[in-house]
Amino acid sequence: MPRLRLALICLCAPLLGACENTATAYAIGDRQHALVLVREQPYFWTATVNQAIVVSRLPHCQRKVHIHPGPKALVEMEVFAAGPRLWALRQGERWYLASTEECRVQDWESPAATPPGERVGAFRLREGHPVFVPD
């Protein structure tokens, strides 16, 4: 019986390893002010990954807001400074607004033709892992 249990564990381990559970931060100034991209794939057989943005400006704000799911391979998410404590995020064709002043994230349905501010960087894959790469 112990050998059967060990064999089952060895067979299941690679399947669990195919799941993604990552969090990658864009630190704004100090470590208590950040935007965090969270990606979670609870089951290896799902074609999409659940995504969320955490807006954090401690001790005043910290909230995790679920955004649209993404594919298994991370689609780059650009970050633009859109105003005081306000960022515009573009992932593919989708736009989001993230505010650490109001502690919220929302879809941006009608973005302008040009980005609303200076690009500060992007969440992207580097060596197979999501990272924030500043400009």
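Treat the numbers as computed from the prediction; the structure is a model and nothing was measured. Positions are given from 1, in the same order as the sequence printed here.
In the hydrophobic cluster analysis, where Ile, Leu, Val, Met, Phe, Trp and Tyr join through side-chain heavy atoms closer than 4.5 angstrom, Ile28 is grouped together with Val120. In this structure, Val38 is not a member of the same hydrophobic cluster as Phe123, with clusters built from ILVMFWY side-chain heavy atoms closer than 4.5 Å. Taken together through direct or relayed side-chain contacts under 4.5 Å among Ile, Leu, Val, Met, Phe, Trp and Tyr, Phe80 and Val65 form parts of separate hydrophobic clusters. The hydrophobic cluster containing Leu89 also contains Leu125, counting ILVMFWY residues as joined when their side-chain heavy atoms lie under 4.5 angstrom apart, directly or transitively.
A distance of 11.5 Å separates CD in Glu102 from CZ in Arg85, rounded to the nearest 0.5 Å. Taken from CZ in Arg104 to SG in Cys61, the straight-line distance is 11.5 Å, to the nearest 0.5 Å. How far CD1 of Ile67 is from CD of Gln51: 4.5 Å, rounded to the nearest 0.5 Å. Residue Trp87 holds its CH2 atom at 4.0 Å from OG1 of Thr100, rounded to the nearest 0.5 Å.
For the residue pair Ser99 and Leu86, the shortest heavy atom distance occurs at CB-CD1, 4.0 Å. The nearest pair of heavy atoms linking Pro130 to Thr24 is O-OG1, 3.2 Å. Of all non-hydrogen atoms in Arg90 and Pro115, the two that sit nearest each other are NH2-CG, 4.5 Å. A pairwise comparison of heavy atoms in Gln62 and Cys103 identifies N-SG, 3.4 Å as the closest pair. Nearest heavy atom pair, residue Val49 against residue Lys72, reads CG2-CA, 3.7 Å. Between Ala34 and Ala27, the closest heavy-atom pair is CB-CA, 4.2 Å.
By the side chain to side chain donor-acceptor pair (under 3.5 Å) test, His60 is found to be paired with no residue, residues two or more places apart in sequence or in another chain being considered. Checked against ring-ring contact (aromatic ring centres under 6.0 Å, His included), Trp108 has the following partners two or more places apart in sequence or in another chain: Trp95.
Considering only heavy atoms from C-beta on, Leu74 stays 4.5 Å or farther from Thr22 through its side chain. Met77 places a side-chain heavy atom less than 4.5 Å from the side chain of Ile53.
Using a distance-only test at 3.5 Å, with no hydrogens or angles considered, no donor-acceptor pair links the side chain of Asp107 to the main chain of Glu109. A side-chain donor-acceptor contact under 3.5 Å links Gln91 to the backbone of Val75.
Using cut-offs of 30° and 60° on the angle between ring planes, the pair His68 and Tyr96 is tilted.
Screening residues 110-133 for side-chain hydrogen bond (donor to acceptor under 3.5 Å, both in side chains) gives Glu76-Arg124, Glu78-Arg119, Arg119-Asp135 as the qualifying pairs, with residues at least two apart or on separate chains.
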